[in-house]
Protein chains: 2
Amino acid sequence: MYHAAMTTTETNIGQVARWFHALSDETRLRVVELLAGGERCVCELQEAVAAAQSRLSFHLRVLREAGLVVDRRQGRWNYYSLRPEVLEEMAAYLRERKPADGACAACGRGAGAQGECCD
Amino acid sequence: MYHAAMTTTETNIGQVARWFHALSDETRLRVVELLAGGERCVCELQEAVAAAQSRLSFHLRVLREAGLVVDRRQGRWNYYSLRPEVLEEMAAYLRERKPADGACAACGRGAGAQGECCD
DNA sequence: ATGATACATCAACGAACATTGATGTGTCAA
DNA sequence: TTGACACATCAATGTTCGTTGATGTATCAT
């Protein structure tokens with residue numbers, strides 16, 4: 001269901017797209033912000049985001065299938081929590097693609113680069 | 001057209017959703033990966049991602065309106081480049097919401113916390 | 001056993017999104 | 001000044017997404 005985006009040499013662009021898609025909706029972002037404070041059961045989330053039950057369930061599924069959250073069943077309740085490793089992978093993906101501030105626009109080399117820049 | 005997501009005290013969740021939406025598509029991710037290597041003109045991108053001209057133009061607009069890229073017109077060519085500050089803001093958003101690895105699931109407190117955790 | 005609670009899942013629908021082909025606009029070379 | 005080039009934009013269409021209301025399932029208290 002969930003696949004890691006990184007192999008030793010390359011990035012699985014499809015999985016990266018799913019990661020970001022999972023965070024492209026305001027309701028899901030609200031859920032993530034709540035889960036940033038720790039594990040929550042569905043009924044807590046439901047009240048906090050004021051969403052109909054099936055609607056919240058849909059969004060939780062999107063987050064789950066993207067690998068951003070996991071659920072843990074306990075009796076009648078289902079507790080969701082964030083997967084910190086995945087948030088970390090996403091952040092790393094962004095920082096790795098970020099040119100150094102002030103880098104040469106054309107070649108992306110750092111601001112300190114001299115001589116061999118943009119030949 | 002583009003608004004920063006952060007104010008002094010709170011996060012503009014709508015802008016955050018637009019950021020992530022911009023990266024929720026494989027074609028746009030490919031463009032971002034190319035731009036990570038430095039500024040590119042549209043025709044270079046077009047060849048590299050093998051997309052029809054109007055299709056690429058559409059995706060560039062999404063990226064531009066989300067604030068992830070800027071364009072610079074020069075003669076007949078239009079050069080696009082990433083905005084590193086925004087990629088940095090996105091990465092920061094993720095890391096700020098990431099519970100410490102090994103933190104208490106329920107309360108989100110760090111692994112080192114003792115005694116007062118989960119009372 | 002019965003009913004209530006806490007969910008997941010499904011089908012149906014509208015809304016948002018992506019793709020395509022056509023047209024428009026500015027720039028440049030001949 | 002004509003034509004080619006490098007785009008942006010638009011209208012039409014198909015596809016994916018999100019919402020709603022209904023139904024299903026497991027758990028628990030009575």
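Letters A, B, ... mirror the listed sequences (proteins, then strands); counts begin at 1.
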Handout entry: Between B/Thr27 and B/Arg55, a side-chain donor and acceptor under 3.5 Å
Key = yes

Exercise for the section: Identify which one of B/Val62, B/Leu23, B/Val69 satisfies the side chain to side chain contact (heavy atoms under 4.5 Å, CB included) criterion when paired with B/Arg28. Expected result: B/Val62

Exercise for the section: Nearest whole angstrom, please: distance from the C1' of C/dA4 to the CD of A/Gln53. Expected result: 14 Å

Fill in the blank from the handout: Heavy atoms of B/Ala36 and A/Arg97 approach each other most closely as CB-O, 3.4 Å

Practice task
Using a 4.0 Å heavy-atom cut-off across all strands, classify A/Tyr80 as base, sugar-phosphate, or nothing.
Solution key: sugar-phosphate

Problem - A/Glu44 CD - C/dA6 C1' separation (whole Å) - result: 13 Å

Handout entry: Salt-bridge present (A/Lys98, B/Glu85; N to O < 4.0 Å)
Key = no

Fill in the blank from the handout: Considering only heavy side-chain atoms of A/Arg76, the closest of C/dC10, C/dA8, C/dA6 is C/dA6

Problem - Range on DNA chain D touched by chain B - first to last nucleotide, heavy-atom distance under 4.0 Å - result: D/dA4 to D/dT9

Handout entry: Whether B/Arg83 side chain and B/Val70 backbone form a donor-acceptor pair below 3.5 Å
Key = no

Detail all sub-3.5 Å separations between protein N/O atoms and N/O atoms belonging to nucleotides 15-21 of chain C.
unit_1: C/dA18; atom_1: OP1; unit_2: B/Arg28; atom_2: NH1; d: 3.3
unit_1: C/dA18; atom_1: OP1; unit_2: B/Arg28; atom_2: NH2; d: 3.0
unit_1: C/dT19; atom_1: OP1; unit_2: B/Arg55; atom_2: NH1; d: 2.9
unit_1: C/dT19; atom_1: OP2; unit_2: B/Arg55; atom_2: NH1; d: 3.3
unit_1: C/dT19; atom_1: OP2; unit_2: B/His59; atom_2: NE2; d: 2.4
unit_1: C/dG21; atom_1: O6; unit_2: B/Ser54; atom_2: OG; d: 3.2

Exercise for the section: Return yes if some donor-acceptor pair links the side-chain N/O of A/Glu65 with the main-chain N/O of A/Ala22 below 3.5 Å, else return no. Expected result: no

Practice task
Check the hydrophobic clustering (I, L, V, M, F, W, Y; side-chain heavy atoms under 4.5 Å; chains of links allowed) and say if A/Tyr79 and A/Leu63 are grouped together.
Solution key: no

Practice task
Using only heavy-atom distances, determine whether the side chains of A/Glu44 and A/Tyr80 contain a donor-acceptor pair under 3.5 Å.
Solution key: no

